[in-house]
Chemist: 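For reference, the structure I am asking about is given below.
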Amino acid sequence: MKTLEIETSQIDMRDEVVSSLLKWYQENARTLPWRDSPSPYRVWISEIMLQQTTVATVIPYFSRWMIDFPDIKSVAEASLDEILKQWQGLGYYRRAQNIHKAANIMVEYFDGEVPEDKETLKTLPGFGPYTTAAVLSIAFGQREAIVDTNVRRFIMRLLGREGIADSKQDKWIREYLEFLMPYKEMRSFNQSLMEIGALICPSKTPKCLICPVQKNCKAFHLGLQDVIPITKKKKLEKIDAGLAVIHDKKKFYIQKRPAKGLWANMWEFPGGKREERETLEETVRREIKEEVGIELSHVVFFSKIRHFYTHFDVSLHVFICETNDFIEESEVAAWVSLEEMKKYPMPSANGKILDQLREHFV
DNA sequence: AATCCGGGGAG
DNA sequence: CTCCCAGGATT
């Protein structure tokens, strides 16, 4: 795994990012039940409930829980059946059992309070790296880095780090957060990271245009916000491809594939697979130069199309392009209208593009 | 390092 | 339908 290198420019932007996040959070934080009087107990329960569970799902469970179990002592005194009944429908029921165990430990050894010491806290059932740091920072204001799925994705995009968003990334992310974190307002700062991940920088369709740290976001500047991070779950290999719809007024350039191999003798728009550290526009310009031998004068993003094959999950990033160079027609190269294109056999992913082009070029 | 553990909601 | 979500424990 790549190691983190703090560049000088990042030191300059640190204070700017931190203050932007805090200001944005102050103005945009959702009012959530656990943010009212955030006692260590309430923060703890909310963090456990929110593991792999959406905010909307948790809200009614949290409210009910706090009515029936207003403090740690009441949790410890309840039976496991009562605890599990409260948890019914939330899933991951080991979480409820861990709360029950931890509450009993807190009552027996810590005067019925949530321990404020990191080394102690992380030994309790259900307190992993994330939850431990979340409780210490949000409930006690300690300077502890939290890395959840929101923070992971947000930081990967902020620094333009490509890769799969899994826990293998956490080492360098924590290292970066150690650098980034302020020494004041840790309660708000850590929550701002998660909040911006949830509201502005979600996995799909990030709202870069209204993002408070847009000017400091490397992914945005490289146009890679839809590429970072790669998701893991699928066994399918994920491929990002840049594809050029080169047109001269209403004629479009397509080319024929070789007689052997994948999609033999089929026609398609030129383009290819994005290489590491390459923006999609760079992919298109490179591929067109390699395949067609010309330079593009205009390259404008048009649409993204996802297509599944047996072993690949391909995201086709389509660019509308123009060129001042001459492209000669041949047996394997043609300039055709959208209507004429119906006669050319094309892979099905290209068919989706045709539908969009027919809408665009009325 | 992989796998298991739930369920609801969005697209 | 698939993907995603304030992860942790176990193997």
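Proteins get letters first, then strands, A, B, ... in listed order; numbering begins at 1 in each. From a predicted model like this one, the values you see are computed outputs, not experimental measurements.
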Chemist: Tell me, which of residues 24-43 of chain A have any heavy atom that sits under 4.0 Å from an atom in DNA chain C?
Modeler: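 Here the set is Trp34(A), Arg35(A).
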Chemist: Is the distance from the ring center of Phe319(A) to that of Phe302(A) below 6.0 Å?
Modeler: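 No, too far apart.
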Chemist: Would you list the atom pairs, donor with acceptor, under 3.5 Å between side chains in residues 197-216 of chain A and any protein atom, with sequence neighbours excluded?
Modeler:
{"from": "Gln214(A)", "atom 1": "NE2", "to": "Cys208(A)", "atom 2": "O", "distance (Å)": "2.9"}
{"from": "Lys215(A)", "atom 1": "NZ", "to": "Glu16(A)", "atom 2": "OE2", "distance (Å)": "3.4"}
{"from": "Asn216(A)", "atom 1": "ND2", "to": "Glu16(A)", "atom 2": "OE2", "distance (Å)": "2.9"}

Chemist: Measure from CD1 on Ile99(A) to C1' on dA9(C) and round the result to the nearest Å.
Modeler: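 Rounded to the whole Å, the gap is 15 Å.
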Chemist: Specify the residues of residues 129-147 of chain A, ordered by number, for which at least one heavy atom lies under 4.0 angstrom from an atom of DNA chain B.
Modeler: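 DNA chain B contact set from residues 129-147 of chain A: none.
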Chemist: What pairs with Arg153(A) under salt bridge (Lys or Arg N to Asp or Glu O under 4.0 Å), at least two apart in sequence or on another chain?
Modeler: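 Residues passing salt bridge (Lys or Arg N to Asp or Glu O under 4.0 Å) with Arg153(A): none at all.
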Chemist: Using the C1' atom in both, what is the distance from dA6(C) to dG11(B), to the nearest Å?
Modeler: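 One C1' to the other, the span is 22 Å.
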Chemist: Could you state the atom-to-atom distance from CG of Asp166(A) to P of dC5(C) in whole Å?
Modeler: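 Whole-Å distance recorded here is 13 Å.
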Chemist: Heavy atom of residues 117-128 of chain A under 4.0 Å from DNA chain C: which residues?
Modeler: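 Hits under 4.0 Å, by residue number: Pro125(A), Gly126(A), Phe127(A), Gly128(A).
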Chemist: Asn98(A) has an atom CG; how far is it from atom C1' of dC5(B), in whole Å?
Modeler: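 Checked: the CG to C1' distance equals 12 Å.
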Chemist: Go through the steps for Glu281(A) and Arg285(A) under the test salt bridge (Lys or Arg N to Asp or Glu O under 4.0 Å), then give the verdict.
Modeler: CA-CA 6 Å; Glu281(A) 180 176 332; Arg285(A) 290 186 183 277; 3.3 Å; yes
Chemist: Would you say the side-chain atoms of Arg157(A) pair up with the backbone N or O of Asp226(A), donor to acceptor, closer than 3.5 Å?
Modeler: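 Checked: no pair found.
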Chemist: Any salt bridge (charged side-chain N to carboxylate O under 4.0 Å, His left out) pairs touching residues 76-96 of chain A, not counting sequence neighbours?
Modeler: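 For residues 76-96 of chain A: Lys73(A)-Glu77(A).
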Chemist: Determine the minimum heavy-atom distance between Val135(A) and Leu121(A), stating which atoms define it.
Modeler: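 It is CG1-CD2, 4.1 Å.
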Chemist: Write down the distance between CG (Leu84(A)) and C1' (dC5(B)), rounded to a whole number of angstrom.
Modeler: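 So the two atoms are 14 Å apart, to the nearest Å.
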Chemist: Looking at dA9(C), I'd like to know if its phosphate oxygens (OP1 or OP2) sit under 4.0 Å from a side-chain N or O belonging to Tyr92(A).
Modeler: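 For dA9(C), neither OP1 nor OP2 has a side-chain N or O of Tyr92(A) closer than 4.0 Å.
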Chemist: Of all the heavy-atom pairs spanning Gly160(A) and Ile228(A), show the shortest one and how long it is.
Modeler: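 Minimum heavy-atom contact is C-CD1, 3.7 Å.
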Chemist: Quick one: side-chain contact (heavy atoms from CB on, under 4.5 Å) partners of Lys101(A), sequence neighbours excluded?
Modeler: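 Once residues adjacent in sequence are excluded, the partners of Lys101(A) under the side-chain contact (heavy atoms from CB on, under 4.5 Å) criterion are Asn98(A), Pro125(A).
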Chemist: Closest to the Arg94(A) side chain: dG8(C), dG7(C), dC3(C)?
Modeler: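 Given the options dG8(C), dG7(C), dC3(C), the side chain of Arg94(A) is closest to dG8(C).
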Chemist: Using a strict heavy-atom distance below 4.0 Å, which residues from residues 48-71 of chain A are in contact with DNA chain C?
Modeler: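 Residues of residues 48-71 of chain A that come under 4.0 Å of DNA chain C are, in numerical order, Leu50(A), Gln51(A), Gln52(A), Thr54(A).
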Chemist: Going by atom type alone, with no hydrogens or angles, which donor-acceptor pairs under 3.5 Å involve a side-chain atom of residues 59-70 of chain A and a protein atom two or more places apart or on another chain?
Modeler:
{"from": "Tyr61(A)", "atom 1": "OH", "to": "Gln88(A)", "atom 2": "O", "distance (Å)": "2.7"}
{"from": "Ser63(A)", "atom 1": "OG", "to": "Ile59(A)", "atom 2": "O", "distance (Å)": "3.2"}
{"from": "Trp65(A)", "atom 1": "NE1", "to": "Tyr41(A)", "atom 2": "OH", "distance (Å)": "2.9"}
{"from": "Asp68(A)", "atom 1": "OD2", "to": "Gln86(A)", "atom 2": "NE2", "distance (Å)": "2.6"}

Chemist: More than 12 foreign heavy atoms under 6.0 Å from CD of Glu290(A): is that the case here?
Modeler: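 Count over threshold, so yes.
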Chemist: What is the distance, rounded to the nearest whole Å, between atom NZ of Lys207(A) and atom C1' of dG11(B)?
Modeler: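 Going from Lys207(A) (NZ) to dG11(B) (C1'), I get 13 Å.
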Chemist: How would you list, by chain and number, every residue that makes a side-chain hydrogen bond (donor to acceptor under 3.5 Å, both in side chains) with Thr123(A), sequence neighbours excluded?
Modeler: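 None.
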Chemist: Please report the distance, rounded to the nearest Å, between CZ in Arg152(A) and P in dG8(C).
Modeler: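 About 10 Å, once rounded to whole Å.
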Chemist: Touch check for Gly197(A), heavy atoms < 4.0 angstrom, all strands: base, sugar-phosphate only, or nothing?
Modeler: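 No contact.
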Chemist: Would you say a side-chain N or O of Arg153(A) is under 4.0 Å from OP1 or OP2 of dC5(C)?
Modeler: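 For dC5(C), OP1/OP2 do have a side-chain N/O of Arg153(A) under 4.0 Å.
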Chemist: For residues 95-131 of chain A, which residue pairs qualify under ring pair (Phe, Tyr, Trp, His ring centres under 6.0 Å), counting only residues two or more places apart or in two chains?
Modeler: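 For residues 95-131 of chain A, and leaving out neighbouring residues, the ring pair (Phe, Tyr, Trp, His ring centres under 6.0 Å) pairs sorted by first residue read Trp44(A)-Phe127(A).
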Chemist: Between dC4(C) and dG6(B), how far apart are the C1' atoms? Round to whole Å, please.
Modeler: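 After rounding to an integer number of Å, I get 13 Å for this pair.
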Chemist: Can you tell me, in whole Å, how much space there is between the C1' of dC5(B) and that of dC5(C)?
Modeler: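 Here dC5(B) and dC5(C) have their C1' atoms 14 Å from each other.
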Chemist: Which nucleotide wins on minimum distance to the side chain of Asp148(A), given the candidates dG6(B), dA2(B), dA6(C)?
Modeler: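 Of the candidates, dA6(C) comes closest.
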Chemist: Taking it one step at a time, do Glu47(A) and Thr131(A) satisfy side chain to side chain donor-acceptor pair (under 3.5 Å)?
Modeler: CA-CA 6 Å; Glu47(A) 291 302 337; Thr131(A) 303; 5.8 Å; no
Chemist: Between dG7(C) atom P and Trp44(A) atom CH2, what is the distance in whole Å?
Modeler: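 It is 18 Å, rounded to the nearest whole Å.
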Chemist: Measure the distance from CH2 on Trp87(A) to P on dC5(B) and round it to the nearest whole Å.
Modeler: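 Value for this atom pair: 18 Å.
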Chemist: Considering only residues two or more places apart or on different chains, which pairs with a residue in residues 132-141 of chain A satisfy salt bridge (charged side-chain N to carboxylate O under 4.0 Å, His left out)?
Modeler: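 Sorted result for residues 132-141 of chain A: empty, none.
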